[in-house]
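Values below: all heavy atoms of this structure, side chains included; hydrogens, waters and symmetry mates excluded.
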Amino acid sequence: MHSRHSDYDFKAIEACWQAYWEEHQTFRATEDVAKPKYWVLDMFPYPSAAGLHVGHIEGYTATDIIGRYKKACGFDVLHPMGWDAFGLPAEQNAIATGIHPSVNTQNNIDAFKKQMQRVGLGIDWSREVNTTDPKFYRWTQWIFLQFFKHGLACVSEQPVWWCPKLGTVLANEEVIDGKSERGHYPVERRALRQWVLKITKYADKLLKGLDGLQWPEATKRQQQAWIGRSEGGLITFKTSANCDLTVFTTRPDTLFGVTFIALAPEHSSVDKLATDAQRGAVESYKREIASKSDLERTDLAKIKSGVFTGTYAVHPLTGAKIPIWVADYVLMHHGTGAVMGVPAHDTRDFEFAQTHSLPVVRVIKGANNEPLPFCNKGTLTASGEFSSLPSDEASRKILSVLKAKGIGKTTVQYKIHDWLFSRQRYWGEPFPIVWVKKADYERLTACENSPFLEFLPEESVSYEEKGEIFCAVPLTSEHLPLTLPQVSSYKPGEGATAPLQNADPSWLHVRLNIRTGEIRPKNEGCEGCQMPASGNAEKNANAYISKEKTDISCTSEGGFDKGDWIEGTRETNTMPQWAGSCWYYLRYLSPNDNEKPVNADALKYWQTPDLYVGGAEHAVLHLLYSRFWHLFLHDCGFVSTPEPFQKLFHPGIILGSDGNKMSKSLGNVVNPLDVADEYGADALRLYEMFLGPLEASKPWSTKNIEGVSRFLKKIWRLFVTVEGTLSEHIGGERDSAALECLLNETVQKVTEDIENLRFNTAISQLMICLNGFQKEPYLSKTAAKTFLQLLAPFAPHIAEELWERCGEQSSIIDAGWPKPDPSKCIRDELKIIIQVNGKLRDEICVSTDVSKEEILKIARSAPRAVPFLAKGTIAKEIYVSGKLVNFVVKD
RNA sequence: GCCCGGAUGGCGGAACGGUAGACGCUGAGGACUUAAAAUCCUCUGAUCGUAAGAUCGUGCGGGUUCGAAUCCCGCUCCGGGCACCA
């Protein structure tokens with residue numbers, strides 16, 4: 001039984017055209033040099049077990065519309081997709097089930113891909129990338145080794161964020177309000193040896209590069225704030241304890257207002273400065289602070305605690321005695337960990353001085369004698385020879401005086417820290433690093449043609465443990481990819497030990513042949529070149545057993561020469577999830593290239609994405625990290641542009657119908673595939689685009705899908721009769737002038753709106769156009785087909801189907817994009833609005849050739865305006881050409 | 001605390017300083033139908049009015065302008081970011 005409703009059989013139509021696109025490779029990017037290129041990029045998803053959500057669809061539909069539109073316009077379009085597939089959920093699943101995370105990851109990827117295809121996204125699947133694929137992460141490791149070689153990847157032992165619940169360290173960017181970004185678990189400070197990437201070396205470039213980018217201003221500001229450049233001075237204070245103190249300040253002009261110095265409790269000079277009388281108090285204060293969590297310490301509401309060291313500093317210009325305190329509001333990781341306390345002109349110093357009864361000396365005057373603390377710039381007072389100078393000039397002069405004395409200099413500080421780059425996790429890229437003893441390292445560096453020199457940095461990366469120094473030896477290109485070994489347990493160990501510690505000892509402990517580059521398990525001689533198969537390895541995870549070329553030199557002439565071998569231990573940390581996403585977009589250009597991370601010819605053609613669409617939540621994580629990597633690759637000469645993403649757009653969040661963020665616990669989650677099953681993929685796409693402006697956060701409303709669903713059914717009925725034949729309604733000889741005008745307005749409006757990513761108003765214009773079609777007794781097939789072309793990027797399946805039913809042979813996307821003909825929209829009559837004192841009173845229709853004087857004359861006698869004109873005399877007449885007349889009437 | 005962004009009918013939202021509420025949803029009434037669904041037509045910001053129409057109306061208070069949802073100043077509320085960064 002077929003009801004009339006089923007005439008528009010979206011299920012069959014959508015499946016049919018998805019198969020057609022697949023078969024004809026419609027969305028394959030061809031690198032056709034005869035065409036201009038357009039690369040539209042989505043932030044690739046983490047393939048979670050939950051599948052696609054409506055937010056994914058929103059962004060991907062937007063890029064799909066752009067991609068299809070640009071393709072119709074004649075561009076060679078690249079719209080690729082991939083998987084950011086390393087990460088915690090797959091690992092936790094592995095811990096729970098014992099099944100290798102790759103299995104779970106692949107299942108999720110398969111599901112995601114199927115869902116994307118179900119929505120009809122025009123993606124070039126031949127370029128799919130997956131960060132967990134050794135063929136991909138081989139190059140992530142290779143880029144890491146470039147950082148290493150250039151001295152930008154090193155280890156340091158310093159306080160880092162440790163999350164006990166996750167069993168790993170986290171980057172600053174991953175810690176929000178003292179909790180982990182993923183999972184919201186508490187974090188604490190721990191001194192650990194970790195890998196860092198020296199992003200601070202790029203702070204200035206990252207800041208300046210923002211200027212030319214077409215990014216949302218808010219996102220640029222967020223990055224600016226995160227980089228946090230501040231110019232200031234370093235000022236050294238002599239003390240009575242034979243131990244100088246250097247402070248950082250952005251306000252050297254307030255130097256005469258210094259009434260105390262405050263040191264962070266971790267400051268290295270605290271012990272030296274504590275007098276015998278105060279030592280006990282200082283020690284117990286330090287202990288008290290050490291026991292506090294970072295959250296407690298950074299609580300702004302708390303009273304500013306501190307303790308006097310007993311020692312005084314000498315003011316560099318006045319010679320005054322200044323007490324030195326220890327205070328936990330001073331942060332060790334900013335500036336020098338020491339501040340000059342100027343309570344009159346700094347809120348925090350003021351609070352501290354009030355709490356501890358320290359003097360407050362005003363040295364800056366504002367314009368209006370503002371109360372203290374006064375933190376703005378102003379005019380100096382009580383500052384010796386500098387009095388009555390403005391702040392900026394005084395700062396410069398004071399610093400130059402101090403500089404002459406050798407106790408001051410200008411400097412730039414950044415808030416951004418080096419990027420903590422190692423994690424104690426299994427499901428991440430292994431570091432292509434082996435740790436060897438210092439003496440062995442020196443033998444290696446002395447070996448002139450050692451393959452291990454390929455990525456060797458000028459300065460060794462090393463750490464000390466129990467009196468022994470270990471140095472990092474980089475693997476060579478030949479050793480990549482260093483694949484993840486099998487482990488007996490995916491769980492991290494106690495005290496920041498990584499899951500890779502659980503790998504087979506034959507993987508962990510190795511011997512390197514410094515002459516040939518060969519790597520073998522430590523406990524094997526030449527005979528046993530083959531890596532032993534791990535006894536408990538899963539069959540389907542064999543791909544993850546190391547495939548290093550252990551057999552290169554076994555047969556070589558040199559054979560096994562004891563002098564060429566050094567022993568080492570592999571690095572067992574893995575890279576953070578952000579690593580792969582730092583450069584994945586480049587891999588789309590040549591996903592199968594075995595020589596380079598990205599092929600030079602492909603790069604030359606595609607350059608960088610023309611549009612990047614993804615969530616604003618990545619403003620300081622992914623978007624900063626990938627800019628850093630790209631800048632670095634640019635400096636190395638691998639890419640020709642310094643910035644990866646010229647134009648960026650953030651889609652807004654789709655909220656639940658209750659106005660809250662969609663979440664399982666609130667039960668307001670909408671599964672987009674359910675919607676596609678009930679209303680069709682075209683309706684789902686149209687609905688998400690019609691919700692509101694793409695950048696706005698907006699609530700979901702299932703009820704409103706009826707609207708776009710009706711729109712599609714109306715279109716169907718316009719073209720197709722109940723019997724399934726082409727409707728006579730679209731068989732008109734020629735179109736009315738009104739319809740031609742409407743159609744051209746629609747071409748114009750839809751084109752503009754797509755270019756500006758204003759899809760909601762584009763769709764409403766299509767609706768207006770369709771409503772106009774319905775009112776015509778007949779319209780031409782040409783007009784109807786133009787409408788289909790405009791509809792195609794939004795609702796591609798129905799557009800293709802009706803296009804074919806109109807007698808066309810090839811895909812609608814190959815039919816080009818309609819051009820508006822403004823001559824069709826010229827009207828012979830104008831509607832002029834008549835206002836009196838700015839209020840609408842009447843309107844008149846005049847022929848386009850009527851003069852301004854004529855129009856004003858007609859307007860003065862417009863029947864509904866006359867009573868209001870009669871209330872006084874016309875003081876002024878304003879005429880906006882072709883639009884309105886406004887009479888200013890006074891009593 | 002600081003820095004952004006936002007606030008328009010019953011709802012989602014339109015509106016180069018120039019007819020506020022396009023388009024869609026909802027609701028009411030009508031047509032078709034034995035009936036329902038679907039579809040089509042009319043109305044749907046508030047108040048007064050039988051109507052014509054009038055008055056009010058874009059978070060609040062001022063201002064600029066012939067004319068303000070739009071620009072400026074001062075608030076309120078909501079959302080986001082940063083947060084002892086010296």
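Taking atom P in both A35(B) and U47(B), the straight-line distance is 36 Å, to the nearest Å. Annotation: C73(B) and U65(B) have their C1' atoms spaced 16 Å apart (nearest Å). On the P atoms, A83(B) is 41 Å away from G18(B), given to the nearest whole Å.
A salt bridge links Glu231(A) to Arg229(A): one of the charged nitrogens lies within less than 4.0 Å of a carboxylate oxygen. Contact check on Lys749(A) versus Asp753(A) returns a salt bridge, with a Lys/Arg side-chain nitrogen under 4.0 Å from an Asp/Glu carboxylate oxygen. With salt bridges taken as basic N to acidic carboxylate O contacts below 4.0 Å, none links Lys11(A) and Asp9(A). Under the 4.0 Å criterion applied to side-chain N and carboxylate O atoms, Glu843(A) and Arg864(A) are not assigned as salt-bridge partners. Salt bridge annotation for Lys377(A)-Asp253(A): absent, with no cationic side-chain nitrogen under 4.0 angstrom from a carboxylate oxygen.
Each of Gln835(A) and Gly692(A) lies near RNA chain B, and the nucleotide nearest Gly692(A) is the one positioned closer to the 5' end.
Between Arg710(A) and C25(B) there is a side-chain N or O to OP1 or OP2 distance below 4.0 Å. Look at Asn704(A) and you won't find any side-chain N or O under 4.0 angstrom from OP1 or OP2 of U26(B). Considering only side-chain N and O atoms, Arg841(A) lies nowhere under 4.0 angstrom from the phosphate OP1 or OP2 of G53(B). Distances shown here put a side-chain N or O of Lys839(A) below 4.0 Å from the OP1 or OP2 atom of C56(B).
Enclosure of atom OH in Tyr778(A) is not indicated, since only 12 or fewer non-hydrogen atoms of other residues, nucleotides or ligands lie within 6.0 angstrom.
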>> Just to be sure I follow the notation: if a pair is Watson-Crick (purine N1 to pyrimidine N3 plus N6-O4 or O6-N4) or a G-U wobble (N1-O2 and O6-N3), each under 3.5 Å, what dot-bracket string does RNA chain B give, with | for pairs to another strand?
In response: (((((((..(((.....[....))).(((((.......))))).((((....))))..(((((..]....))))))))))))....
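Applying the 90° criterion around 0 to the glycosidic angle, G9(B) comes out syn.
Nucleic acid contact for Lys698(A): sugar-phosphate only, since backbone atoms but no base atoms lie under 4.0 Å from a heavy atom of the residue.
The stretch residues 763-772 of chain A comes close to RNA chain B through Ser764(A), Met767(A), Ile768(A), Asn771(A), each having a heavy atom under 4.0 Å from the strand.
When only modelled atom types and interatomic distance are considered, Glu351(A) and Tyr329(A) share no side-chain donor-acceptor pair under 3.5 Å. Checking Tyr285(A) against Ser305(A) by side-chain atom types alone, a donor-acceptor pair falls below 3.5 Å. With no hydrogens or angles considered, no side-chain donor-acceptor pair links Thr200(A) and His417(A) at under 3.5 Å.
No N or O donor and acceptor, one from the side chain of Glu706(A) and one from the base of G24(B), sit under 3.5 Å apart. Side-chain atoms of Lys713(A) stay outside donor-acceptor range of the base of U39(B), with no qualifying N/O pair under 3.5 Å. Judged by distance alone, with hydrogens and angles left aside, Lys703(A) brings no side-chain donor or acceptor close enough to the base of C11(B) to form a pair under 3.5 Å.
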